[in-house]
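Working notes, beginning with the structure itself.
Quick note on labels: first sequence line is chain A, next is B, and so on, each numbered from 1.
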2 protein chains.
Amino acid sequence: MYLRVLAELAGRQREITSAELARRTGYSSEQIRKDFACFGALGTRGVGYRIDVLQRQIRSVLGLDRPVPAAVIGAGNLGTALARYSILQDRDIQVLALFDVDPRRVGTEIEGVAIHHAEEMPSVVRRLGIRIAIVAVPPPAAQGVVDTAVEAGITAFLNFSPVKIQAAEWVHIQNIDLSLELQSLAYYVSARSLP
Amino acid sequence: MYLRVLAELAGRQREITSAELARRTGYSSEQIRKDFACFGALGTRGVGYRIDVLQRQIRSVLGLDRPVPAAVIGAGNLGTALARYSILQDRDIQVLALFDVDPRRVGTEIEGVAIHHAEEMPSVVRRLGIRIAIVAVPPPAAQGVVDTAVEAGITAFLNFSPVKIQAAEWVHIQNIDLSLELQSLAYYVSARSLP
DNA sequence: TCTTGTGAAATGCTTCACAGCA
DNA sequence: TGCTGTGAAGCATTTCACAAGA
């Protein structure tokens, strides 16, 4: 979030105060100063933080100082949409491959990125240096593709399947559960008691 | 999450203990008992909670005791995929309409659900009783479509645009920021220091 | 004078421990 | 005996308040 706000400001000014960042992000200024202190960024009292230094430092902490090769597993509706989204929007995470098991999809491409058969994962992952996988397969297939991907050397996952995936503790799995998000929305619908 | 686990168990058994739910969800048993106490569910000491009572009670608290009509705003790649996903997967949240401004899309349909022009939002929302909107439009358009939707009477949003949306405090906006999720993944990629 | 950097206080959340009931 | 229900304790996070430095 800091990177996003800083990118907007980068051309216009050289420094930014924690108070101004607070206004733009919605976090408190103390929180921001604590965060920055935590990853070693230091500001100038009476002035603020240098934007370019901050950007470099945050990128370095997040591991975004070079592009990170990624793959999308599952080239159905959601997988395809996510691939398009990531390819076009994100410069830091580069989607270099898709995987699927459907022979009608394998061999085609999305925005110039090839769809490989899931069995080719080990070789393709190694060849392209892929480090991140976005999982968008049907729930019953999720555990299996993650197992395969872990064996191929991937340790970071963004999982869209609504299932709890088991993996070694050094594997990071970040879940986005659309069903859960949708259902929890119902709670906030006002006037539920109306006819 | 409780509903998902309970649905799996519903046929097989009548009661469930907080300890067993803890095993299946990953939350602690005390947490679960506190949650259940909080929304008025009560179990039987020595036995556990009745699954059917629990389901009814959770649905009632969440406002899922009847289907909730919803719409998807933005029928691009992501919007279309989300619509398909919601229509097919979710029985509690019913996507009854899509909205877009592109005349090539307006008038067509996705899985039998019509794509309307965004200008028709007020009348369509009123006619179909829509209470939830899933926002999947380009960032610059997000604030505008939310304003329109709020005026049409929608108070709950699931926003996929990477922008902070301003709205009255009685409007609930839940954000899913794919860029942020992706970028934060980079942090968990192991061996960042390798060549 | 303005803003950082940070211990201390306050607040919120989770876990513990056990009384109470079927 | 087994499991719920819940105050109390422990732990974590956030906010406050202010000293220190440009």
query = Once you round it to whole Å, what is the distance between C1' of C:dT3 and CG of A:L54?
reply =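 Distance check: A:L54 CG to C:dT3 C1' gives 14 Å.
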
request  = Would you mind classifying the nucleic acid contact of B:F36 as base, sugar-phosphate or nothing, using non-hydrogen atoms under 4.0 angstrom?
outcome  =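 Nothing, no nucleic acid heavy atom in range.
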
request  = Would you jot down, in residue-number order, the residues of residues 11-33 of chain A having a non-hydrogen atom under 4.0 Å from DNA chain D?
outcome  =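 Only A:S28, A:E30, A:Q31, A:R33 qualify.
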
Residue of the set B:L3, B:V68, B:D92 for which side-chain contact (heavy atoms from CB on, under 4.5 Å) holds with B:L62 = B:L3

query = Do A:T44 and A:E15 get their side chains close enough for a donor-acceptor pair, meaning under 3.5 Å?
reply =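 On atom types as modelled, these side chains do not qualify, holding no pair under 3.5 Å.
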
key: Aromatic contact, A:F157 with B:Y188 (centres under 6.0 Å)   =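 No.
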
inquiry  = I need the full list of salt bridge (Lys or Arg N to Asp or Glu O under 4.0 Å) pairs touching residues 147-172 of chain B, with sequence neighbours left out, sorted by first then second residue.
reply    =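 Listed once each, the pairs would be none.
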
[X] versus [Y]: any side-chain heavy-atom pair under 4.5 Å?
X	Y	result
B:Y2	B:I32	yes
B:H116	B:V106	no
B:Q174	A:L185	yes
B:Y49	B:R33	yes

At a cut-off of 3.5 Å, list every protein nitrogen or oxygen paired with a nitrogen or oxygen from nucleotides 19-22 of chain C, distance to 0.1 Å.
from, atom 1, to, atom 2, distance (Å)
C:dG20, N3, B:R45, NH1, 3.0

key: Side chain B:K34 and base C:dT15 donor-acceptor under 3.5 Å   =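 In this structure, the two groups form a donor-acceptor pair.
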
